[in-house]
Asks: 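Quick one: the structure is below, and I'll ask about it shortly.
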Amino acid sequence: MKKIIMLCLLAVMGFGISDAVAQKKADSQLKTTVFLTDVDCETCAKKIDNSLPFQKGVKEVKVDVPTRKVTVTFDTTKTNEEALIKAFKKIKINAEVKK
């Protein structure tokens, strides 16, 4: 009986460690980029909030209207900066990567 309990305990610990390693790999593929845009009103910000988060690989979008910056966190295995710039163009907003 003790052997079965010990075996179950080791299996649970193994799955936990495996999950932690997989989560760390997933986090390491995220990238945050700041885009300079021509956003000058809340309506434009809403257009971004309503479309960009639905692009493949996008995890988070933050729009700052006063500074005209849009911060996007995305998965580099699913999208890239060029694809995000094209997504901005689809909603008629000019964007470029802040250097």
Side-chain angles (χ1 to χ4, degrees):
M1 184 70 172
K2 288 181 183 180
K3 289 182 181 180
I4 293 173
I5 292 174
M6 188 61 86
L7 187 60
C8 290
L9 180 62
L10 288 173
V12 169
M13 287 176 48
F15 289 126
I17 291 171
S18 173
D19 187 45
V21 170
Q23 182 65 30
K24 187 174 181 180
K25 283 185 179 181
D27 288 344
S28 68
Q29 296 172 353
L30 293 180
K31 181 178 180 182
T32 301
T33 302
V34 177
F35 293 92
L36 300 175
T37 64
D38 58 356
V39 173
D40 59 353
C41 64
E42 289 300 320
T43 304
C44 296
K46 285 183 183 180
K47 280 201 293 189
I48 293 171
D49 284 334
N50 290 334
S51 65
L52 217 58
F54 298 105
Q55 295 296 314
K56 186 175 182 180
V58 174
K59 303 295 181 191
E60 184 179 16
V61 177
K62 293 180 184 175
V63 181
D64 188 10
V65 175
T67 61
R68 297 182 177 205
K69 293 179 184 175
V70 178
T71 306
V72 182
T73 302
F74 60 94
D75 185 347
T76 57
T77 61
K78 296 182 180 178
T79 192
N80 56 34
E81 293 167 345
E82 291 80 22
L84 294 173
I85 290 173
K86 287 180 183 179
F88 279 111
K89 287 183 182 181
K90 284 182 183 178
I91 55 173
K92 298 184 172 119
I93 292 178
N94 294 323
E96 63 182 37
V97 177
K98 179 181 177 187
K99 296 178 181 176

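Every heavy atom of this structure was used, including side-chain atoms; hydrogens, water molecules and symmetry mates were not.
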Asks: Working to the nearest 0.5 angstrom, can you tell me the gap between Phe35 CZ and Glu96 CD?
Replies: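 Rounded to the nearest 0.5 Å, the CZ-CD separation comes out at 10.5 Å.
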
Asks: Under a 4.5 Å cut-off applied to non-hydrogen side-chain atoms, are Lys59 and Leu30 in contact?
Replies: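 Touching, per the 4.5 Å side-chain cut-off.
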
Asks: Minimum heavy-atom separation for Lys78 to Gly57, with atom names?
Replies: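 It is CB-CA, 3.8 Å.
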
Asks: On a heavy-atom basis, which atom in Ala45 and which in Val39 lie closest, and how many Å separate them?
Replies: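 That closest heavy-atom pairing would be N-CG1, 4.0 Å.
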
Asks: If hydrophobic clusters are built by linking Ile, Leu, Val, Met, Phe, Trp and Tyr wherever their side-chain heavy atoms come under 4.5 Å apart, do Val61 and Val65 end up in the same one?
Replies: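 Yes; Val65 is reachable from Val61 via cluster members.
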
Asks: Which pair of non-hydrogen atoms, one from Ile91 and one from Ser51, has the smallest distance, and what is that distance?
Replies: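 Scanning both residues, the minimum pair turns out to be CD1-OG, 3.4 Å.
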
Asks: Only pairs at least two apart or in different chains count here, so list each ring-ring contact (aromatic ring centres under 6.0 Å, His included) that has a residue in residues 36-78.
Replies: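 Every candidate ring-ring contact (aromatic ring centres under 6.0 Å, His included) pair involving residues 36-78 fails, so no pair, neighbours aside, qualifies.
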
Asks: Just so I know, are the side chains of Thr33 and Leu84 near enough to count as touching, which here means a heavy-atom distance under 4.5 Å?
Replies: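 The answer is no, as the side chains (C-beta and beyond) never meet within the 4.5 Å cut-off.
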
Asks: Would you mind reporting whether Arg68 and Asp40 have side-chain heavy atoms less than 4.5 Å apart?
Replies: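 Yes, side chains in contact.
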
Asks: Would you mind listing the cluster partners of Ile5? Hydrophobic ones only (ILVMFWY), side-chain contacts under 4.5 Å, chaining allowed.
Replies: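 Listed partners: Met1.
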
Asks: May I ask whether Ile48 and Ile85 are part of the same hydrophobic cluster, defined by side-chain heavy atoms of I, L, V, M, F, W, Y residues being less than 4.5 angstrom apart, directly or through others?
Replies: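 Yes, Ile48 connects to Ile85 through the hydrophobic network.
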
Asks: Quick one: does Asn94's side chain have a donor or acceptor within less than 3.5 Å of a partner on Asp38's backbone?
Replies: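 Such a contact is absent between Asn94 side chain and Asp38 backbone.
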
Asks: I need the Lys92 NZ to Cys44 SG distance, nearest 0.5 Å.
Replies: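 It is 12.0 Å, given to the nearest 0.5 Å.
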
Asks: Hey, what do you get for OG1 (Thr71) to NZ (Lys62), rounding to the nearest 0.5 Å?
Replies: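 Output value for this atom pair is 7.0 Å.
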
Asks: Walk me through whether Leu36 and Lys98 qualify under side-chain contact (heavy atoms from CB on, under 4.5 Å).
Replies: CA-CA 6 Å; Leu36 300 175; Lys98 179 181 177 187; 3.9 Å; yes

Asks: Which atoms form the tightest heavy-atom contact between Thr37 and Ala95, and what is the distance?
Replies: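 The pair with the smallest heavy-atom distance is CG2-CB, 3.8 Å.
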
Asks: Could you pull out all residues at least two apart from Thr77 that satisfy side chain to side chain contact (heavy atoms under 4.5 Å, CB included)?
Replies: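 By the side chain to side chain contact (heavy atoms under 4.5 Å, CB included) rule, Thr77 matches Gln29, Asp75.
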
Asks: Kindly indicate whether the side chain of Gln55, heavy atoms from C-beta on, has any atom under 4.5 Å from the side chain of Leu52.
Replies: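 Side-chain contact under 4.5 Å: yes.
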
